[in-house]
Number of protein chains: 2
Amino acid sequence: MPRASAPRFTRMTSEDRRAQLMDVALAGLARGGIQEFTVDRICQAAGVSRGLILHHFGSMGGLLAAVYARLYRETTPNLASLPTNARLEALIEGTFAPKAFNRDTLNAWVALWGQIANTPKLREEHRRQYAAYVEDVSAAIAALSSTPGGALEARPLAKALICLIDGLCLQHCLDPAAMPAETAKAACGAFLAPHLG
Amino acid sequence: MPRASAPRFTRMTSEDRRAQLMDVALAGLARGGIQEFTVDRICQAAGVSRGLILHHFGSMGGLLAAVYARLYRETTPNLASLPTNARLEALIEGTFAPKAFNRDTLNAWVALWGQIANTPKLREEHRRQYAAYVEDVSAAIAALSSTPGGALEARPLAKALICLIDGLCLQHCLDPAAMPAETAKAACGAFLAPHLG
DNA sequence: GCCAATACTATACGATCATTCAGCAAGGAT
DNA sequence: ATCCTTGCTGAATGATCGTATAGTATTGGC
């Protein structure tokens, strides 16, 4: 009767299991910061044994970098599919939508920021994503620039806007009531108004 | 011959020892982030035994809150002693001076941000300091406001400026070359120009 | 129905974590 | 010169950390 009992565990495709572990790790970061990002807690929450993280990600640093990429992809507005003159508004709307602009999600971001300087794989991932982000925002701004030569200003303006957004996110994370989404959106609007038509 | 050997340790006043431990802990945060913030590393670097942190701070959370207060006091420009119409410029100059706007110092800030959500004592300390900070910056802005009724706008403008500053600091910390001090200062100038006389 | 590839388990390992606590010792007060 | 306050030591505790590894079990392809 070797087939009488159910399988002790289920095999997933490598891709699916990686996704599951990233989601569980992300939920931990959102809930309790970097203290929750441990082999024990993640594997227990995912219902798998301790060896699986190493098997799929090589190290905890590898998982952390993968989580960063996943969080970026899930919460950063995708502008590529939109007409260029609609992108800037979509960026602002998407950034401060409840899906992205909430305490838990931002908690995960802040926790990741704190690890970038000390986790080589994560730093690489961040620089790659950040460069693409600046490109996207620059293009969105340039498309709405009032002056023809405004394209020259789009890049520094994009960087400053990104910094403002990051700061607003940080503030909301540390004290949500002190920086609600509407206030944050208004701050971005006031920042951009003088530079656009 | 009980007096032949030198004292095994030197006693400090409680205040001096606390200051030393805060400095050592801060240096660790600046160098290696929150991973360096452990009893063993701090006490070994300070040349004291492991029991001393509990003796002076009650817990690691207590030390972390004290370190936050110390970092704030050491790197945030003190505006109170200046005439009101000189405070805003002093804020910008001081914020982006090498003493405050450098990778190590900002690394400590980012590491602390990552702990605020999960360390009650640190969160209290942050909210207290942040409230005072908003007051100071609001007053500095109001003093230069072009319109008489501009005082009504000073508070949200101050909050937005603080967010921009935080974002610029974060960016410099994660990739110093991508956000030099001059660029950061210019971004603040561009942000404020439309609102001031 | 068997085989081979590999997802997965489970334990062991050495290091490190924060906190506790009983008592030593330094140095100003008397 | 002795006392007393208290800064300080250092070992013990029990939990938890990331990584390594030997081997089991599942599942798709044959």
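Letters A, B, ... are given to chains in the order of the sequence lines, protein chains preceding strands, and every chain is numbered from 1.
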Atom-to-atom span, CZ of R11(B) to C1' of dA26(C) - whole angstrom:
5 Å
Salt-bridge contact D104(A)-R31(A) (side-chain N to carboxylate O under 4.0 Å)
no
Using a 4.0 Å heavy-atom cut-off, does T10(B) contact any base of the nucleic acid, only the sugar-phosphate backbone, or nothing at all?
sugar-phosphate
Could you state the CG-C1' distance from L63(B) to dT19(C), rounded to the nearest angstrom?
14 Å
State plainly whether the residues R128(B) and E125(B) are in salt-bridge range, i.e. N to O under 4.0 Å.
yes
I'd like to know if E182(A) and K185(A) make a salt bridge, using a cut-off of under 4.0 Å between side-chain N and carboxylate O.
yes
Base, sugar-phosphate alone, or nothing: which one does R8(A) contact when heavy atoms must sit under 4.0 Å apart?
sugar-phosphate
Can you measure M12(B) atom CE to dG28(C) atom P for me and round it to whole angstrom units?
14 Å
Pair E15(B) + R18(B), salt bridge at N-O below 4.0 Å
no
Check: residues 54-66 of chain B side-chain donor-acceptor pairs under 3.5 Å, at least two apart:
{"residue": "S59(B)", "atom": "OG", "partner": "G61(B)", "partner atom": "N", "Å": "3.3"}
{"residue": "S59(B)", "atom": "OG", "partner": "G62(B)", "partner atom": "N", "Å": "3.2"}

Grab the CE-C1' distance between M60(A) and dC17(D) for me, whole Å please.
10 Å
Nucleotide dG18(D), atom P - distance to CG of L21(A) in whole Å:
14 Å
Within this structure, what is the CZ-to-P distance between R18(A) and dT6(C), rounded to whole angstrom?
16 Å
Please give me every residue in residues 39-58 of chain A whose heavy atoms get under 4.0 Å of an atom in DNA chain C, ordered by residue number.
V48(A), S49(A), R50(A), G51(A), L52(A), H55(A), H56(A)
Whole-Å distance between dA18(C) P and K121(B) NZ?
15 Å
Hits for salt bridge (charged side-chain N to carboxylate O under 4.0 Å, His left out) against D175(B), two or more places apart or cross-chain, chain-then-number order -> R127(A)
Please confirm whether the backbone N or O of F101(A) pairs with a side-chain atom of T105(A), one donor and one acceptor, at under 3.5 Å?
no
Base, sugar-phosphate, or nothing: which does S59(A) touch, judged by heavy atoms less than 4.0 Å apart?
sugar-phosphate
Round to the nearest Å and state the distance from E15(B) atom CD to dG7(D) atom C1'.
15 Å
Counting the atoms with a prime plus P, OP1 and OP2 as sugar-phosphate, which does F9(A) contact under 4.0 Å by heavy atoms, base, sugar-phosphate, or nothing?
sugar-phosphate
